[in-house]
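Data block below; observations after.
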Amino acid sequence: MSVDYELTDFAQVPDLVPQVTSLTNAAFAEYEGAMEVSEQWTDWYLQRPGTDPKLCQAALDDGKLVSQVIVCQQDLQLGGELLRCGIVDSVATEPGHRRRGLARALMERAHEAMQEADIDAAVLYTNPEDHPYRFYLRLGYRERARAAMLVGPWPAESGCGALPVDAAEHRAGLCDLLNEYYVGHEGYSPGCRELWRWHKLEAPSPPTVVAELTGAGPASTASFARASVRIGGRQHTVSLAYDIAAEVMNPEQYGGLLSTAPRETVALLLDEDSPERRWADDLGFEPQIAEVSMVLPLGREASLALQERSGPWYVMVESVVGV
């Protein structure tokens, strides 16, 4: 490094929210699938349950944040086990400070901090067609699942009984339904009160949550977040559909839940080997941006777990798109 950078954690970064906002926008301005962020968004994102300033790493040039690695600690399902994972997000370096080893230095610091915190594995998402994918392979990350952002028109209206609901009022029943539906999915973090409140209620633009309610509780649900993402070099406003679940799921039920989205272009993030991916293909959705989940085991338990596969990968929209 020709410049005398200060490598530290987020607890030592001055004016953290505006600095992270500025760096994020500068670093991801040309990235497919990225969205421009505000200070309000950054303030919310850094309050994600499990985000620890001591795990997040920074490179400062005379007090200015020029490179970062954000880490959020959550329990994720991997290989049939529930493991303590460090979710690595927003690995970003200002364009004028690239190719100086900052990202590698901060990733190594992040891995050391995670090991000291007894975290079992590091998990991240990236585009397999971009340079960072090869960078993560060199750091020892293993590809775990291939996914994609699929985009399609608003599906034709169906007889689906799901309607918008109060996400706070029905939190317990909806969390139970999602946990039961995704119990076999890798990469899924079982729902809890804190994560639900942050993701569904406190987001700068809270998602629309729909559910089909019965006397016994919710029978199906879906969430839709409005986002402006870069696709094909242009910004597109989409309804990003996620947390789609039902007591009994089939292609008709899946299409019906998607038809409850706001009437604009709908986007999905799906594992290419999941049944939902085949159903989305049949509905006319087309892949636009490739995504891959990658895992770095930090201990023996994770290494053993990664020898098994328990099911399709649950793609975390908060990590890939930031909603």
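Reckoned from all heavy atoms, side chains included, excluding hydrogens, waters and symmetry mates.
Between Ser319 and Arg48 there is a side-chain heavy-atom pair separated by less than 4.5 Å. Annotation: side chain of Gln253 is in contact with side chain of Glu212 (closest heavy-atom distance under 4.5 Å). Looking at heavy atoms from C-beta onward, Phe224 lies out of side-chain contact with Val209 at the 4.5 angstrom threshold. A heavy-atom distance below 4.5 Å is not found between the side chains of Val266 and Pro153. Within the 4.5 Å cutoff, the side chain of Leu195 has heavy atoms near those of the Gln74 side chain. In this structure, Leu304 and Leu306 have side chains that are not in contact, with every pair of non-hydrogen atoms separated by 4.5 Å or more.
For Lys200 and Asp243, the salt-bridge test passes: some basic side-chain N is under 4.0 Å from an acidic carboxylate O. A salt bridge links Glu202 with Arg197; the closest basic N to acidic carboxylate O contact falls under 4.0 Å. Ionic pairing of Glu36 and Arg230 is not present here: no N-O contact between side-chain nitrogen and carboxylate oxygen is shorter than 4.0 angstrom. Under the 4.0 Å criterion applied to side-chain N and carboxylate O atoms, Arg109 and Asp9 are not assigned as salt-bridge partners. The pair Asp281-Arg277 counts as a salt bridge, with a side-chain nitrogen and a carboxylate oxygen less than 4.0 angstrom apart.
Although no hydrogens or angles enter the test, the distance criterion places no donor-acceptor pair under 3.5 Å between the side chain of Asp61 and the main chain of Val66. With Ser293 contributing its side chain and Ala145 its backbone, the two residues share a donor-acceptor pair below 3.5 Å. For Tyr45 (side chain) and Glu318 (main-chain N/O), a donor-acceptor pair under 3.5 Å exists by modelled atom type. Of the possible polar contacts, none joining the Thr51 side chain to the Gln47 backbone as a donor-acceptor pair under 3.5 Å is found. Between the side chain of Trp313 and the main chain of Arg146, no donor-acceptor pair closer than 3.5 Å is present. Proximity of a side-chain donor or acceptor of Glu81 to a complementary backbone N or O of Gln77 within less than 3.5 Å is not detected. Proximity of a side-chain donor or acceptor of Glu276 to a complementary backbone N or O of Pro251 within less than 3.5 Å is not detected. Between the side chain of Asn179 and the main chain of Pro190, no donor-acceptor pair closer than 3.5 Å is present.
Using cut-offs of 30° and 60° for the angle between ring planes, the Tyr188 and Tyr314 rings count as perpendicular.
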Start with the C-alpha distance between Phe28 and Thr24, add both sets of side-chain angles, then the distance that settles side chain to side chain contact (heavy atoms under 4.5 Å, CB included), and finish with yes or no. CA-CA 6 Å; Phe28 296 116; Thr24 300; 3.8 Å; yes

side-chain hydrogen bond (donor to acceptor under 3.5 Å, both in side chains), that's the test. Do Gln235 and Ser228 meet it? Break it down for me. CA-CA 6 Å; Gln235 292 299 122; Ser228 176; 3.2 Å; yes

Please lay out, stage by stage, how Trp196 and Leu174 fare under the test side chain to side chain contact (heavy atoms under 4.5 Å, CB included). CA-CA 10 Å; Trp196 181 272; Leu174 292 173; 3.7 Å; yes

Please report the C-alpha distance between Lys64 and Glu94 in whole Å, then the side-chain angles of each, then the deciding distance to 0.1 Å, and finally whether the salt bridge (charged side-chain N to carboxylate O under 4.0 Å, His left out) criterion is met. CA-CA 10 Å; Lys64 179 184 179 183; Glu94 193 173 88; 3.2 Å; yes

Does Leu16 form a side chain to side chain contact (heavy atoms under 4.5 Å, CB included) with Leu46? I'd like the steps, not just the answer. CA-CA 10 Å; Leu16 181 63; Leu46 292 177; 3.9 Å; yes

Assess the residue pair Met149 and Ile231 against the criterion (side chain to side chain contact (heavy atoms under 4.5 Å, CB included)); give the C-alpha distance rounded to whole Å, side-chain angles, the decisive distance to 0.1 Å, and a yes or no. CA-CA 10 Å; Met149 177 183 284; Ile231 302 174; 4.2 Å; yes

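Hydrophobic clustering of Ile, Leu, Val, Met, Phe, Trp and Tyr side chains at less than 4.5 Å, counting indirect connections, unites Ile244 with Val321. Under the 4.5 Å side-chain heavy-atom criterion for grouping Ile, Leu, Val, Met, Phe, Trp and Tyr, Leu55 is not connected to Ile87 through any hydrophobic cluster. Tracing side-chain contacts under 4.5 Å through hydrophobic residues (I, L, V, M, F, W, Y), one never reaches Leu296 starting from Val123; they form parts of separate clusters.
Of all heavy-atom pairs spanning Val315 and Tyr125, the tightest one is CA-OH, 3.7 Å. In plain terms, the two heavy atoms of Thr260 and Ala162 that are nearest each other are CG2-O, 3.7 Å.
Between His199 and Tyr242, the ring center distance clears the sub-6.0 Å criterion.
In the displayed structure, Asp166 atom CG is contacted under 6.0 Å by more than 12 heavy atoms of other residues, nucleotides or ligands. Counting non-hydrogen atoms of other residues, nucleotides and ligands closer than 6.0 Å to CZ of Arg104 gives a total above 12. Residue Arg171 qualifies as enclosed at atom CZ: its count of foreign heavy atoms under 6.0 Å is above 12.
Each of His185, Glu272, Glu186 was compared with Pro312 under the side chain to side chain contact (heavy atoms under 4.5 Å, CB included) criterion, and only His185 meets it.
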